[in-house]
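Any value given below was found using the heavy atoms of this structure, including those in side chains, with hydrogens, waters and symmetry copies removed. Each ligand, and each atom within it, is numbered from 1 in the order the structure gives.
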Amino acid sequence: MLSNTFLHLSALAVSFLGTAQSAPLTFRLGKRDVAFDYQNDKVRGVNLGGWFVLEPWITPSIFQPWATSMTVVDEYTYTQTLGKDAASTALTNHWNTWITEDDFTQIGQNGLNHVRIPIGYWAVAPLDGDPYVQGQLDVLDQAIGWARNANLSILLDLHGAPGSQNGFDNSGRYGPVDWQQGDTVSQTITALQMLAQHYSGDTDVVTAIELLNEPLGGSLNLDELKTFYQSGYETVTGASGNYATCIHDAFQNFETYWNGFMTQASSGDQNVILDTHQYQVFSPAQVAMSPTDHVSAACALGPQLASTDKWTIVGEWTGAQTDCAQWLNGLGKGARYDGTLANSGSSYVGSCAGKSTGTVADLSSDDQYNLAHFIDAQLDAYEQHTGWIFWTWRTESAPEWHLQNLTAAGLFPNPPTSRTYPGQCSS
Ligand SMILES: *[C@@H]1O[C@H](CO)[C@@H](O)[C@H](O)[C@H]1NC(C)=O
Ligand SMILES: *[C@@H]1O[C@H](CO)[C@@H](O)[C@H](O)[C@H]1NC(C)=O
């Protein structure tokens, strides 16, 4: 989840970059067989957010005791404040209840074929002195069987790296970006190696591993990031050979910046998936867009996605057209949409009443109508290349982000190939 104020420039640039090119698509099949056919099938999936990496806005009830003091803002401070024993008890309960086998069954019944599962390095390779607790892997091991039963592929996504690769709460630790300092890159490779080895017997289900979620390009050395991607690729494919390797665009333009890197047709690298995240709610200009602007911006992405030189997914996106969901921008923080987010340069666009908390059923009929159009348009755009993974399956109180309930309400198509509002991107 992209949820930080200083990201809005790159997100905006991506959204409005209207220079679609029409380079021919040149792929060749991977040298090794991956169980999901990323070349010919569309990825249609959902993220299991807030499960193995806490995010205050997905499960505000866990963070409610610190809503005023704001001394606990992420999984790091949560475990640090509770201590190992209490944190272990609380999180074990959370892991066993937030997502269960029934969710995997429903996701399969909704016609999806992928789940993307965020996990932190601390699940497999905690560092000395870390407050984080473990036990996630036992639950994930069970979930492999649930996914197999539901015929779902898993994109396993390293969401938090030592030092934090982006400073977002969803990296485990809110604050400075200290990844690439000290030994953090090699520690990240160690975590990837352990994950890849651990699931090397399950590559019928775990079809791809994402090396690192949302490294904050503007705060990192991009050449070193590329070197990390190359060695991460060797690590993941060396473990069994049957995983696809997924790399995030680091908020650089997914087409103009990344074309030419790890290109399937021209380098030795194969089975590489580029992951780009497309939100339209993290800048003042984006939250001021009209519903038709949002649809047009989504549609403009389709031809750009089609022009990349490697498999490309939109691995995070949403139905939301505002940043009103409670604590979306961080625990205790306000929203751009109603002008309450400090230091964001935002001014009042509209009221967050009815958008910040509540259920899908509570959304106004206008909001439901606009959201359903926006979702159908994004599906049309993102299927112009390898596919998409919605953020997220469930939230406690952020209705526009709640795929399970959006589907039940008929606002997200089931099956995902059907459309209530077809052809929005072809006019
Ligand atoms: C399982 O999923 C794959 C990939 O989406 C699909 O090709 C296949 O038909 C599915 N099998 C069943 C039994 O649904
Ligand atoms: C989702 O649906 C469940 C079951 O109807 C309901 O209890 C919950 O409040 C809903 N949440 C949202 C955010 O829509």
Side-chain angles (χ1 to χ4, degrees), residues 1 29-30 33-51 55-62 64 97-100 102-116 144-155 202-208 242-244 271 273 311 313 318-328 352-365 367-368 371-372 375 379 382-383 386-412 414-417:
M1 232 323 287
L29 290 176
D33 291 337
V34 173
F36 186 86
D37 185 356
Y38 291 99
Q39 178 73 18
N40 296 304
D41 289 347
K42 296 296 176 196
V43 172
R44 301 184 175 110
V46 63
N47 284 276
L48 303 181
W51 193 17
E55 298 193 35
W57 73 277
I58 297 180
T59 55
S61 68
I62 293 178
Q64 198 60 45
T97 53
W98 180 243
I99 301 287
T100 66
D102 185 47
D103 294 299
F104 281 76
T105 306
Q106 283 183 43
I107 291 166
Q109 285 169 348
N110 288 1
L112 304 186
N113 55 35
H114 270 71
V115 287
R116 179 170 177 263
I144 304 295
W146 304 340
R148 189 175 282 122
N149 291 341
N151 195 28
L152 294 169
S153 290
I154 293 177
L155 166 50
D202 298 303
T203 55
D204 59 320
V205 172
V206 185
T207 50
N242 290 337
Y243 299 108
N271 299 326
I273 305 168
W311 299 334
I313 58 168
T318 174
Q321 306 196 14
T322 74
D323 63 340
C324 285
Q326 187 192 24
W327 297 348
L328 179 66
C352 277
K355 303 178 199 286
S356 52
T357 61
T359 67
V360 169
D362 293 334
L363 290 171
S364 74
S365 54
D367 282 347
Q368 294 194 9
L371 179 145
I375 283 175
L379 293 171
Y382 306 159
E383 292 208 359
T386 310
W388 47 267
I389 305 180
F390 188 89
W391 189 280
T392 184
W393 175 241
R394 170 180 294 142
T395 65
E396 283 180 353
S397 60
E400 298 157 300
W401 304 76
H402 195 309
L403 184 64
Q404 182 184 32
N405 285 13
L406 290 171
T407 307
L411 301 174
F412 194 102
N414 180 11
T417 46

> Any idea which protein heavy atom is nearest atom 9 (O) of ligand 2, and the distance to it?
Thr359 CG2, 3.4 Å

> List the closest protein heavy-atom neighbour of atom 13 (C) of ligand 2: residue, atom name, distance to the nearest 0.1 Å.
Gly358 O, 3.3 Å

> Compute the ring centroids of Phe104 and Trp146, then answer whether they are less than 6.0 Å apart.
yes

> Under a 4.0 Å heavy-atom limit, does Asn405 contact ligand 2 with its side chain, its backbone, both, or neither?
side chain

> For the rings on Tyr38 and His114, is their centre-to-centre separation under 6.0 Å?
yes

> Around atom 7 (O) of ligand 1, find the nearest protein heavy atom and jot down its residue, atom name and distance.
Asp41 OD2, 4.5 Å

> Regarding ligand 1, does Asn151 bring an N or O atom to under 3.5 Å of one of the ligand's N or O atoms?
yes

> Verify whether one side chain among Asp362 and Thr359 offers a donor that lies under 3.5 Å from an acceptor in the other.
yes

> With atoms numbered from 1 as shown, which atoms in ligand 2 lie under 4.0 angstrom from a non-hydrogen atom of His402?
1 (C), 11 (N), 12 (C), 13 (C)

> Closer than 4.0 Å and a protein heavy atom, does any atom meet both conditions relative to atom 5 (O) of ligand 2?
no

> Quick one: are Trp51 and Trp393 in side-chain contact, heavy atoms under 4.5 Å?
no

> Less than 4.5 Å apart, any side-chain heavy atom of Ile58 and any of Trp98?
yes

> Would you say Ala398 and ligand 2 have an N/O pair spaced under 3.5 Å apart?
no

> For Trp57 and Trp401, I'd like to know if the aromatic rings sit close, meaning centre-to-centre distance below 6.0 Å.
yes

